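As a basis for the values below, the full set of heavy atoms in this structure was taken, side chains included, without hydrogen atoms, waters or symmetry mates. It should be emphasised that the depicted structure is a prediction, and the values quoted were computed from it without experimental measurement.
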Amino acid sequence: MSTEENPAAAPRSLAEALRGRDDAALAALLRSRPDLITPVPTDLTQLATRAGTRASVVRALERLDRFALQTAQALAVAADPASYGELLGLLAGDDGDPSVSAALPHALATLREQALVWGGDDRLRLVRTARELLSPSPQHPSPTGLGPTVREATAGMSPGRIQEIVATAGLPSTHDSVSAVTALTTLFGDPERMSALLDEAPAESVEVLERLVWGPPYGQVTADPAARLRWLLDRGLLLPTAPGTVVLPREVALRLRAGRAHRTPEPLPPPVEAAATHRPQVVDATAAGQAHTALATVEELLKDWDEGGPAVLRAGGLSVRDLKRTAAALDTTEPVAAFWVELAYAAGLLASDGEADERYAATPAYDEWRELAAAERWALLVTAWLTATRTAGLIGGRDAKDRTLSALGPGLDRSAAPEVRHRVLTLLAALPEGAAPSHDAVLARLHWERPLRGGGRSTAGPDTSATEDRRGEDLRARIARWTLSEAEMLGITGRGALSAHGRALIGAPAPEPRSPAQEPTGPGDKLPVHHLTHHRPALPPPALSPTQQSTATAAAARLLAPLLPEPLDHVLLQADLTAVAPGPLQRPLADMLGVLADVESKGGATVYRFTPGSVRRALDSGQAASDLHAFLAAHSRTPVPQPLAYLIDDVARRHGHLRVGAASAYVRCDDDAVLNEILADRRAAGLGLRRLAPTVLAALADPAGLLEGLRAMGFAPAAESAEGDVLIARADARRTPPRTPPAPVPDGPPVPDDTLLTAAVRAVRAGDLAATTPRRTSAGDPAGPGELPRTTAAETLATMQAAVLTGEALWIGYVNAEGGASQRVIAPVRVEGGFVTAYDHTADEVRTYPLHRITGVAELAEDEG
């Protein structure tokens with residue numbers, strides 16, 4: 001039987017409404033509002049209380065879509081309680097709107113599910129806190145643009161003045177102000193009588209009403225109002241609220257609006273249509289090329305920092321100068337360089353070394369990452385990007401204290417970033433293959449789905465037609481724009497469309513194949529309109545769990561792998577001391593060639609240049625001249641040019657001829673003529689050299705400075721150990737200690753899984769049973785409803801022992817070791833040693849309780865009937 005047929009069954013409070021829900025409905029509430037489950041409420045009364053707190057209600061309102069929020073805003077200006085018909089009239093207006101009528105049940109169900117609205121369709125009630133947030137007030141205008149009711153606006157008005165207004169409006173006088181206000185309210189709500197009254201109004205007065213009708217409803221008047229304002233004031237169409245201020249009453253505004261609470265109801269989300277289409281093969285190939293470039297860029301960045309990267313600022317992060325240097329090294333802009341730096345940091349590939357002179361360097365995880373297959377390396381990067389809350393686009397901006405936000409520094413976490421990224425990709429996945437939407441369409445859809453968070457407005461802010469808080473709106477919009485550009489750079493999208501491996505990455509199903517007639521013929525072709533969803537969608541799918549994301553990422557990597565170019569095992573040597581790599585190189589070849597030569601240009605093919613310095617670098621790493629000749633001969637599809645062979649032999653002949661060690665530093669050489677040449681060179685004056693023996697020079701400079709100084713003079717010295725062995729310098733020698741990637745900052749409590757929801761609902765049900773079960777009371781029982789029973793230790797023990805014999809259930813109060821109090825219904829089984837063992841109906845299991853923690857005990861009342 002419905003509440004309309006049985007008014008006695010109508011809930012009198014939110015707690016009673018929750019008590020009438022089944023377990024599935026309670027679980028849906030806790031899933032949609034996870035803050036209510038932290039910690040698990042003891043009973044349904046506590047759940048209802050927590051659901052009505054300001055912080056929880058604000059969070060729930062922020063997660064409503066545009067039409068659900070408009071529905072709540074309409075309820076906030078409706079009568080309390082309101083019927084379904086009244087609510088539909090406020091949203092659809094007097095003329096009706098089929099789309100609003102079709103969408104309202106879903107929106108109302110959403111509000112009910114989230115415990116923002118309760119009661120039957122004949123008595124809809126908005127939670128009091130939500131009504132306070134959304135109702136009109138002088139300090140916080142209503143999002144609908146409506147003002148106070150006639151009753152609220154005339155609360156401080158003298159009875160005589162109210163009677164004057166009633167008489168001027170053509171109504172019979174009354175004996176009291178309450179009936180006078182009621183008569184005036186009835187007049188304003190009557191379409192025919194209101195039309196007749198407005199027909200008498202001067203044109204100038206109607207213009208005043210038209211300016212106020214959609215809000216804000218307040219206006220300023222002088223002490224001697226003009227005739228057009230006086231006409232409105234005398235008939236109550238404008239009411240004074242303060243000296244010099246008047247307001248348009250809510251009933252008048254609604255009648256002028258044809259009953260609509262909003263200027264433009266938005267029951268349907270803005271469609272995300274295709275702005276351009278491409279062949280899926282082109283999209284996938286383009287995305288794969290971007291993915292390959294992304295891997296090369298991250299590897300180049302960390303390779304540049306192999307021997308120690310930039311210093312860490314005292315406040316944390318990377319300096320502006322170092323970011324510029326990094327951008328120049330990567331041949332890109334500073335914002336893009338900042339993105340790659342932050343991505344490597346989020347993936348755990350770089351971190352600070354923690355030394356006294358703290359610097360950034362690659363982590364040991366970078367070496368493991370380099371050994372993975374290309375598709376697996378890409379998968380690790382995009383997974384880190386999807387879940388990271390650090391937002392690279394903020395770099396260069398200002399924080400709340402007007403401090404510059406730096407790369408790798410604090411203050412870059414935005415907890416909404418993962419949600420926005422996932423939702424943007426999901427919207428792209430909803431389009432057919434090869435379809436690329438416009439950025440503005442994506443932003444409009446996101447704003448509809450989260451108007452409060454997307455618009456940055458306070459919960460009681462103005463309607464969409466009014467001004468907005470640009471700072472909040474820009475943040476969410478910018479995150480979405482950054483997502484679209486970053487997804488392109490990472491190879492998740494190609495030419496603006498989601499690739500096949502991008503769909504797999506977010507767990508989206510593959511789209512249905514199109515017929516040849518539906519296949520686009522060019523990059524500018526648009527899809528037929530019937531391919532685009534214009535109906536009201538289901539709720540946005542939640543982000544994948546860690547297990548699901550791991551599976552989806554592996555599937556994406558499998559789809560991407562065949563599209564990536566196969567690593568080559570050869571290069572093309574040229575006579576101008578360069579080598580051309582026509583594609584990506586295999587790891588050993590790329591590593592060795594990166595030491596032996598310098599990268600001159602990048603692109604589809606990479607050009608390496610051999611120089612004396614690069615050859616010396618290879619010799620310093622422990623290679624001999626014969627090893628370098630054999631390496632080039634084995635990996636070149638062209639003969640080794642003679643100039644390159646001469647260069648290697650010439651540098652090798654001079655390499656190690658001089659030896660530098662620690663004295664402070666020294667130089668030794670078997671050829672004393674070379675040492676004489678060094679001493680005679682003016683450029684050696686700053687090194688503080690002096691001869692200790694015919695073959696040894698001592699220096700004031702340290703070994704590193706001495707090496708650099710001699711190399712600047714054209715020599716090729718080698719460093720040696722205390723034992724006289726040549727020190728081998730490896731490019732990957734500098735690594736940080738093991739580091740964990742930065743943990744994302746969660747956006748509120750995590751969504752509980754099904755196991756936790758089931759346990760929480762069970763606990764709340766059991767606690768509510770204990771709180772609401774009738775018990776026998778005596779005249780001396782001080783415990784009132786909801787309070788713990790209080791009995792002496794002797795009475796508690798005697799009652800427990802008697803219950804063991806009779807098998808009766810008891811109602812007890814219990815305080816745990818943390819001081820948390822709860823009510824429980826138990827059936828004692830055994831009492832001994834200061835403990836009672838009982839079947840706990842609240843927990844649905846057998847438990848043992850210390851008697852000294854039981855505050856009191858009471859017998860349950862016998863069931864009536």
Side-chain angles (χ1 to χ4, degrees), residues 3 9-64 72 75-76 80-81 108 110-120 123-135 459-460 748-752 756-775 782-789 811-816 818-825 841-843 855:
T3 58
R12 294 171 297 176
S13 65
L14 177 59
E16 286 191 12
L18 295 178
R19 199 165 283 122
R21 295 191 180 191
D22 57 19
D23 289 353
L26 281 180
L29 168 62
L30 298 178
R31 184 182 293 108
S32 62
R33 297 176 65 178
D35 56 297
L36 301 182
I37 204 175
T38 310
V40 176
T42 57
D43 54 39
L44 288 171
T45 300
Q46 186 180 93
L47 175 62
T49 302
R50 191 178 297 175
T53 59
R54 183 182 179 89
S56 182
V57 170
V58 168
R59 179 178 289 274
L61 291 175
E62 286 181 344
R63 303 195 73 83
L64 295 178
L75 276 173
D80 186 24
L108 192 57
T110 299
L111 296 175
R112 276 197 174 111
E113 176 186 286
Q114 300 197 24
L116 294 171
V117 170
W118 58 277
R123 295 179 62 83
L124 294 172
R125 291 184 181 273
L126 190 64
V127 171
R128 183 180 61 185
T129 307
R131 179 173 287 275
E132 292 173 352
L133 290 169
L134 299 175
S135 293
T459 306
V751 177
L756 177 57
L757 284 175
T758 301
V761 170
R762 181 176 166 186
V764 172
R765 288 280 191 208
D768 197 61
L769 173 65
T772 58
T773 300
R775 66 184 188 279
E787 297 181 7
L788 299 181
W811 180 72
I812 67 170
Y814 180 73
V815 179
N816 60 20
E818 289 76 28
S822 60
Q823 306 173 58
R824 300 177 180 274
V825 177
H841 291 273
T842 307
T855 65

Contacts of type side-chain contact (heavy atoms from CB on, under 4.5 Å), residue Ala759, not counting sequence neighbours: none
If a pair satisfies salt bridge (charged side-chain N to carboxylate O under 4.0 Å, His left out) and one of its residues is in residues 10-31, list it, with sequence neighbours excluded. Arg12-Glu16, Arg19-Asp768, Asp23-Arg765, Arg31-Asp754
So, using side chain to side chain donor-acceptor pair (under 3.5 Å) as the criterion, who are the partners of Ser822 when residues are at least two apart? Arg824
Kindly give the heavy-atom pair with the smallest separation between Pro41 and Val764, and that separation in Å. O-CG2, 3.5 Å
Residue set satisfying side-chain contact (heavy atoms from CB on, under 4.5 Å) with Thr42, at least two apart, ordered chain then number -> Gln46
Just verifying a value: how many Å separate Leu36 CG and Leu29 CG, rounded to the nearest 0.5 Å? 5.5 Å
Nearest non-hydrogen partners of Ala115 and Leu18, listed with the distance: CB-CD2, 4.4 Å
What one should report as the nearest heavy-atom pair of Leu757 and Ala27 is CD2-O, 3.8 Å
Would Glu132 and Val57 satisfy side-chain contact (heavy atoms from CB on, under 4.5 Å), going step by step from the backbone distance to the final call? CA-CA 11 Å; Glu132 292 173 352; Val57 170; over 6 Å; no
What are the two closest non-hydrogen atoms of Pro752 and Pro34, and how far apart are they? CD-CB, 3.7 Å
Partner set under side-chain contact (heavy atoms from CB on, under 4.5 Å) for Val117, not counting sequence neighbours: Leu75, Leu108, Leu111, Arg112, Leu124, Leu126
Exercise: identify the closest heavy-atom pair between Pro11 and Ala17: CB-N, 3.7 Å
Measuring from atom CD1 of Ile37 to atom CG of Leu30, what distance do you get when rounded to the nearest 0.5 angstrom? 5.0 Å
Please find the pair of heavy atoms, one from Ser135 and one from Ala76, that lie closest to each other, and give the distance. OG-O, 3.2 Å
Backbone N/O of Thr53 and side chain of Thr129: donor-acceptor pair under 3.5 Å: no
All side-chain contact (heavy atoms from CB on, under 4.5 Å) counterparts of Arg125, not counting sequence neighbours: Asp80, Pro81, Trp118, Arg123
My understanding is that only residues two or more places apart in sequence, or in another chain, count here; which of them pass side chain to side chain donor-acceptor pair (under 3.5 Å) with Arg59? none
Assess the residue pair Leu44 and Leu26 against the criterion (side-chain contact (heavy atoms from CB on, under 4.5 Å)); give the C-alpha distance rounded to whole Å, side-chain angles, the decisive distance to 0.1 Å, and a yes or no. CA-CA 10 Å; Leu44 288 171; Leu26 281 180; 4.1 Å; yes
For Arg63, the salt bridge (charged side-chain N to carboxylate O under 4.0 Å, His left out) test, sequence neighbours excluded, returns Glu419, Asp747
Kindly compute the distance separating CZ (Arg33) from CG (Leu47), expressed to the nearest 0.5 Å. 8.5 Å
May I have all residue pairs that pass salt bridge (charged side-chain N to carboxylate O under 4.0 Å, His left out) and include part of residues 40-57, sequence neighbours excluded? none
